[in-house]
Amino acid sequence: MALGNHSTITEFILLGLSADPKVQALLFVLFLIIYLQTMIGNLIMMLVIRIDSHLHTPMYFFLSHLSFLDLCFSSATVPKMLENLLSQRKTISVKSCLAQVFFVFDLGSTEACLLSVMAYDRYVAICHPLLYGQKMTNKLCKGLVWGSWGLGFLDTFINILPAMSLDFCEDQSIPHYSCELPSLFPLSCSDVSTNVKVMLCSSLLYGLVTCVLILFSYTFIVSTILTISSSSGRSKAFFTCSSHLTAVLLYYGSASLRYFIPNSGSPLELIFSVQYSVVTPLVNPLIYSLKNKEVKAAVRRTFRKYLQYFRKLTTIRG
């Protein structure tokens, strides 16, 4: 790592979303509320899926890991943003910045892979319902999740390793609320052409493969749904996929625009980043809970269970 030997600066300045103190105060309240709701929503999803035996199926197993990823994804960027919204010195050390880049890239890549795994799960459930239990075994589900984490780490390692040897000796200002790889390249006085090519190629390959897997799965899903004779059966089959499709469109749409368009420091880049790193982790548990009767029923059962427990505990203490 060349940070200590070659870099002439030790920290960056995160310019954030606004320079107006009044706007910053409003943004702090807004994003604090969003972050708390994100934490609560995803923690509730993880807790309910773990406790309620009705949700011990492959689909909800993957969903619990998606909630964990969203919780970590939001925690990798939002706390630092909240700190800078209240601070006069909106700085972050070079090492902390690279660490944030690592976690954002790793969690984002893993989530993309997990979304493709969830598409495969829906494909097996709809196209091969009689073989679903045989194909989606516990061992396979765990292997797919660990494979998603492994591929995400590999994609991150390919990109972060060259970035760790960059020299940062010019402008310290990052026109962003967090550290992301595209924002660091303009700040380096090293030759970043290879880094940019590696990022674009790996992101394109990774995004293309996961997108193709999702499209491939849904091609067979749609063709199977169209063969269902009853309209209620078609509606039910489509309903089981609608939440996942919504999550895929929200995530892939904003993330691909952020990493594939040229870095210019425009407000659109901030909007795309807020979309996939702040908004998507917030709405994913809402998408899967509000549209899902099983999840809503499990939440009610879990809260009733804990309410009865606390009532008994109060009675015993009384």
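For Asp20, the side-chain contact (heavy atoms from CB on, under 4.5 Å) test picks out Ser18, Lys22, Val23, with sequence neighbours left out.
Evaluation of the salt bridge (Lys or Arg N to Asp or Glu O under 4.0 Å) test over residues 53-82, restricted to residues two or more places apart or in two chains, returns Lys80-Glu83. Sequence neighbours left out, the pairs with a member in residues 44-67 that pass salt bridge (Lys or Arg N to Asp or Glu O under 4.0 Å) are Asp52-Arg301. Counting only residues at least two apart or on different chains, the side-chain hydrogen bond (donor to acceptor under 3.5 Å, both in side chains) pairs with a member in residues 129-149 are Asp121-Tyr132. Within the structure, disulfide (SG to SG under 2.5 Å) pairs that include any residue of residues 9-109 comprise Cys97-Cys179 (at least two apart or interchain).
Atom-to-atom distance recorded for Leu204:CG and Lys197:NZ is 15.0 Å, nearest 0.5 angstrom. Atom-to-atom distance recorded for Leu17:CG and Leu26:CG is 12.5 Å, nearest 0.5 angstrom.
When all heavy atoms of Ser87 and Arg89 are compared, the closest pair comes out as OG-O, 3.0 Å. Contact record, Ser109 with Asp155: OG-OD2, 2.9 Å, taken as the closest heavy-atom pair. Shortest non-hydrogen contact noted between Ile126 and Ile221 is CD1-CG2, 3.8 Å.
At a cut-off of 3.5 Å, with distance as the only test, a side-chain donor of Ser202 or Asn159 sits close to an acceptor on the other residue.
Salt bridge status for Lys95 with Glu11: absent, with no side-chain N to carboxylate O gap under 4.0 Å.
Taking the six-membered ring where the residue is Trp, Tyr120 and Tyr123 present tilted rings, their angle falling between 30° and 60°.
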Listing, residues 27-41 side-chain donor-acceptor contacts under 3.5 Å, not counting sequence neighbours, or none:
{"residue": "Tyr35", "atom": "OH", "partner": "Ser75", "partner atom": "OG", "Å": "2.9"}
{"residue": "Thr38", "atom": "OG1", "partner": "Ile34", "partner atom": "O", "Å": "2.7"}

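Side-chain N or O atoms of Glu111 include none that pairs as donor or acceptor with a backbone N or O of Leu66 at under 3.5 Å.
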